[in-house]
Amino acid sequence: MASKKKSTAMVENGIKKAEEVIETVEKVIEEKQPEIEKAAKEITEKAVKTTKKAAEKAKKTVQKFEPKKTTLVFEADGRSYDYDEIIKAVNKACKGKTAKKLEIYVNAYEGAAYYVLDGEGSEEYRVEL
């Protein structure tokens, strides 16, 4: 019987201490509540600002489509023609010539590009593609 009373006393003592801890925690929470609310408000405000900035940046990015590289390729008569390759070939053919204006005409059926320098063309101003 003494053992049962001792066990009961220990349990009651444990419950009493647990209640004291709970009461202490509740007091600390009550005391710290304004600080917790202030910190939560600051964190929320920062999160809202960051989200708004990210949304604005994303909106600008979507509105300004500026790829780092654009490639123009067209197909005709079963062949593909790359704009950059045509420009390189014509520039190579024009080496040593001077002009203010260069016009390029692609004839896909002939597989050739014809160029005109300052409004003047020639039979030799042709590049095979």
Side-chain angles (χ1 to χ4, degrees):
M1 242 328 150
S3 168
K4 190 175 181 184
K5 283 186 179 182
K6 190 175 181 183
S7 294
T8 303
M10 287 176 62
V11 169
E12 288 174 355
N13 190 30
I15 291 172
K16 185 177 178 183
K17 287 188 179 195
E19 288 173 344
E20 289 173 0
V21 168
I22 290 171
E23 191 176 304
T24 303
V25 168
E26 286 175 344
K27 284 181 183 177
V28 169
I29 290 173
E30 190 176 307
E31 290 172 3
K32 299 292 182 178
Q33 189 66 30
E35 293 174 38
I36 293 169
E37 288 176 359
K38 182 181 177 186
K41 183 178 178 182
E42 289 174 1
I43 291 169
T44 303
E45 287 172 355
K46 285 180 183 178
V48 167
K49 284 180 184 178
T50 303
T51 303
K52 283 182 180 178
K53 285 180 183 177
E56 287 173 18
K57 187 174 181 180
K59 184 178 178 183
K60 288 177 183 177
T61 301
V62 170
Q63 289 175 349
K64 282 199 237 172
F65 179 72
E66 296 177 9
K68 296 198 185 269
K69 181 171 177 20
T70 300
T71 303
L72 173 63
V73 177
F74 64 94
E75 296 179 347
D77 203 27
R79 292 185 58 191
S80 294
Y81 300 94
D82 183 293
Y83 171 82
D84 292 331
E85 294 301 318
I86 293 170
I87 298 296
K88 285 179 190 175
V90 170
N91 284 339
K92 186 176 178 183
C94 290
K95 201 146 193 121
K97 298 178 176 123
T98 58
K100 292 183 180 181
K101 184 177 178 184
L102 169 65
E103 299 171 57
I104 302 172
Y105 299 89
V106 176
N107 186 324
Y109 298 107
E110 292 180 17
Y114 295 90
Y115 58 95
V116 176
L117 300 173
D118 290 331
E120 293 187 32
S122 169
E123 286 294 319
E124 61 187 54
Y125 289 0
R126 173 188 163 108
V127 176
E128 293 292 323
L129 301 176

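- The shortest non-hydrogen separation linking Val127 to Ala89 is CG1-CB, 3.5 Å.
- Residues Leu72 and Ile86 are members of one and the same hydrophobic cluster, defined by side-chain heavy-atom contacts under 4.5 angstrom among Ile, Leu, Val, Met, Phe, Trp and Tyr.
- Remark: the backbone N or O of Lys100 is paired with a side-chain donor or acceptor of Asp118 at under 3.5 angstrom.
- At least one donor-acceptor pair under 3.5 Å links the side chain of Tyr81 to the backbone N or O of Ala108.
- Taken to the nearest 0.5 Å, the CD atom of Glu110 stands 11.0 Å off from the CG atom of Asp77.
- In the displayed structure, Glu30 atom CD is contacted under 6.0 Å by at most 12 heavy atoms of other residues, nucleotides or ligands.
- Leu129 and Val73 are not part of a single hydrophobic cluster, where members link through side-chain heavy atoms under 4.5 Å apart.
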Go through the steps to decide whether Leu102 and Leu117 satisfy the test side-chain contact (heavy atoms from CB on, under 4.5 Å), and finish with yes or no. CA-CA 5 Å; Leu102 169 65; Leu117 300 173; 3.6 Å; yes
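- Here Tyr105 pairs with nothing under the ring-ring contact (aromatic ring centres under 6.0 Å, His included) rule; sequence neighbours left out.
- Here the shortest heavy-atom pairing between Tyr125 and Glu120 reads CE2-O, 3.5 Å.
- Residues satisfying the side-chain hydrogen bond (donor to acceptor under 3.5 Å, both in side chains) test with Arg79, not counting sequence neighbours, are none.
- The distance from atom CD1 of Ile104 to atom CD1 of Ile87, rounded to the nearest 0.5 Å, is 3.5 Å.
- Remark: Tyr83 engages no residue in a side-chain hydrogen bond (donor to acceptor under 3.5 Å, both in side chains) (not counting sequence neighbours).
- Here CD1 of Ile29 is found 11.0 Å from OG1 of Thr24. Values are rounded to the nearest 0.5 Å.
- Taking CG from Asn91 and OH from Tyr115, the interatomic distance works out to 10.0 Å, rounded to the nearest 0.5 Å.
- Across all non-hydrogen atoms, the minimal contact from Arg126 to Glu128 is NH2-OE2, 2.5 Å.
- Pairs of residues two or more places apart, or lying in two chains, never qualify as side chain to side chain donor-acceptor pair (under 3.5 Å) while including a residue from residues 12-23.
- Among pairs with a residue in residues 46-55, none fulfils side chain to side chain donor-acceptor pair (under 3.5 Å), at least two apart in sequence or across chains.
- With sequence neighbours excluded, the residues forming a side-chain hydrogen bond (donor to acceptor under 3.5 Å, both in side chains) with Glu75 are Ser80, listed by chain and number.
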